Trainee: 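First, the structure itself, so that you have it in front of you.
First listed ligand is number 1; within each ligand, the first listed atom is number 1. Just so it is clear, the model here is predicted, and its values are computed rather than measured.
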Amino acid sequence: MTEVASAQENPLLEGLTMRRPPDPCALTIFGASGDLTQRKIMPALYSLAVRGLLPQRFGIVGVSRTAMTAEEFRERMKEAIVEHARDDFREDVWEQLAEGMCYVAANFGEEGGEEELIDCLNGLDERRGTAGNRVYYLAVPPGAFDDIVKAMGKHRTTAGWTRLIVEKPFGHDLQSARELNELVRSYFDEDEIFRIDHYLGKETVQNMLVLRFANGIFEPIWNRVFIDHVQITVAESLGIEGRAGFYEEAGAIRDVVQNHVLQLVALTAMEPPIDFEAESVRNEKVKVLRAVHTPGPKHVVRGQYGPGFIEGEEVPGYREEEEVAPDSQTETYVAAKLFVDNWRWADTPFYIRTGKRLPKRETTIAIQFQRAPHPPFQIDQEGGLRPNILLVHIQPDEGVSLAVGAKVPGQGLSIRTVHMDFLYGGAFRVGLPEAYERLILDCLLGDATLFTRADEVEEQWAIVDAMVAPWRRDRPHFPNYAAGTWGPAAADELLHRDGRSWRRH
Ligand code: BG6
């Protein structure tokens with residue numbers, strides 16, 4: 001790899017705040033033959049390499065149970081990059097990356113499975129100068145964590161630093177998350193553990209903090225006095241994409257609410273941190289999660305999609321998906337009304353919803369302000385003056401838009417809602433980096449700000465456990481929404497009862 005270049009030397013760096021280059025190190029990916037490695041991790045590494053952001057002395061070790069040679073592994077990784085990377089394929093960049101790549105077929109449950117890996121890492125230290133610095137990336141199902149953590153914990157080098165990246169799901173409830181935390185912390189210190197929630201790597205999610213804390217106009221009104229309520233939507237038109245084995249156990253609440261949605265709640269509701277250091281930011285997020293009031297069963301709605309149409313294409317219902325039980329009780333949709341019980345937010349609802357097979361992919365945070373107290377106009381309340389909404393588009397069409405009332409040109413005084421828009425695509429020349437690029441680079445730099453801390457993940461599970469507890473007692477009437485619609489009727493009622501409705505799309 002080349003040393004970090006300047007924006008003049010490398011136009012792809014335009015707009016990037018340059019940080020120090022990471023230390024030399026070797027990155028070991030457990031689960032190297034899996035989907036995540038091919039679709040996200042390897043393309044992200046390639047894009048970092050294209051920008052000269054990887055250390056000059058760097059090595060990658062792929063580990064999985066699949067038997068293949070190092071050459072076959074490199075070939076697979078090359079194909080993955082060609083297919084999934086956001087940058088065009090460049091032979092020179094690939095050659096440099098591939099030179100430091102090796103592969104180990106190992107099963108860590110078996111005695112001695114790790115010997116070959118240790119040899120390989122020692123070899124990289126000699127050949128590539130990786131200086132005993134290690135990153136272990138666990139891109140494997142949770143069942144495999146135990147053996148790998150123990151094996152790598154026992155073989156720590158004294159020469160350099162060690163870091164552990166752990167993919168979600170981090171446990172399946174509070175108890176299992178605690179056990180997992182105990183396990184990893186018996187071998188690694190908390191500042192060596194990087195629990196991934198890829199939502200935190202998204203530019204627009206980070207922009208939520210910038211919007212709030214780098215602008216003087218929002219914070220004074222960012223509270224229960226001026227905000228009527230908040231709506232957080234994580235909608236997907238995709239189904240479960242052949243992941244029935246995982247999804248049947250997880251459902252929407254463990255797959256998306258426990259991590260991504262609760263992160264968005266925390267970032268929206270948190271107090272300003274004193275600085276942008278990992279501990280300060282995470283302290284504030286944990287305080288929000290602690291303040292989340294356990295929603296009663298009437299405030300939580302779950303759904304499962306039946307057959308329907310997505311963009312004119314007929315799609316099967318969840319129970320008809322491959323390897324899903326024909327009477328599955330797994331939810332593919334969750335909506336809930338949460339309260340953050342603190343001085344800033346008391347009595348201000350945070351409505352959240354997420355679902356598969358909704359009409360479109362859309363992640364937004366909508367901050368709805370109180371209506372103007374006394375409009376001095378004759379207006380038609382229905383179609384005329386609506387409350388101001390600050391809409392943060394996490395994806396797609398990344399940006400921020402503010403809905404305001406404006407006078408319709410002409411005689412008389414009619415008012416219509418218009419939007420003041422900031423669109424990433426229009427304002428900046430550079431493409432948005434993939435979340436995984438940011439997160440992998442941060443880990444190489446030892447910056448844990450955008451990773452979930454042990455107590456944070458436990459607070460998230462405590463909320464989810466409380467939400468699912470009543471579910472054990474009754475059998476839902478599933479399916480209760482058709483694919484291609486905005487979820488079950490009960491989700492609309494949840495807001496109608498409060499005289500509100502979900503934002504129209
Ligand atoms: C993952 C979930 O964490 O997030 C998936 O396991 C979901 O089910 C995905 O599709 C959504 O991520 P994104 O970045 O496409 O919004």
Trainee: Assess the side chains of D197 and T452: does a donor N or O sit below 3.5 Å from an acceptor N or O?
Mentor: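 Their side chains do not contain a donor-acceptor pair, so the 3.5 Å distance test is not met.
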Trainee: Among L264, T268, V265, L338, find the one that has a side chain to side chain contact (heavy atoms under 4.5 Å, CB included) with V230.
Mentor: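 So the option named by the test is T268.
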Trainee: Are there any N/O pairs under 3.5 Å between ligand 1 and the protein, and if so, what are their distances?
Mentor:
residue, atom, partner, partner atom, Å
ligand 1, 3 (O), K168, NZ, 2.7
ligand 1, 3 (O), H260, NE2, 2.7
ligand 1, 4 (O), H260, NE2, 3.3
ligand 1, 6 (O), K168, NZ, 2.9
ligand 1, 6 (O), R243, NH2, 2.8
ligand 1, 6 (O), D255, OD1, 2.5
ligand 1, 6 (O), D255, OD2, 3.4
ligand 1, 8 (O), R243, NH1, 2.9
ligand 1, 8 (O), D255, OD2, 2.6
ligand 1, 8 (O), K356, NZ, 2.7
ligand 1, 10 (O), E236, OE1, 3.3
ligand 1, 10 (O), E236, OE2, 2.5
ligand 1, 10 (O), K356, NZ, 3.1
ligand 1, 12 (O), H198, NE2, 3.2
ligand 1, 14 (O), H198, NE2, 2.8
ligand 1, 14 (O), K202, NZ, 2.6
ligand 1, 15 (O), R361, NH2, 3.2
ligand 1, 16 (O), Y199, OH, 2.7
ligand 1, 16 (O), Q395, NE2, 2.6

Trainee: Classify the side-chain pair E167/Y137 by whether it contains a donor and acceptor separated by less than 3.5 Å.
Mentor: yes
Trainee: Look at the side chain of E192 and the backbone N and O of D189, then say whether any donor-acceptor pair between them is shorter than 3.5 Å.
Mentor: yes
Trainee: If only side-chain N and O atoms count, and only distance matters, is there a donor-acceptor pair under 3.5 Å linking T162 with R134?
Mentor: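 No donor-acceptor contact under 3.5 Å links the two side chains.
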Trainee: Using a strict cut-off of less than 4.0 Å between a Lys/Arg side-chain nitrogen and an Asp/Glu carboxylate oxygen, indicate whether E279 and R282 qualify as a salt bridge.
Mentor: yes
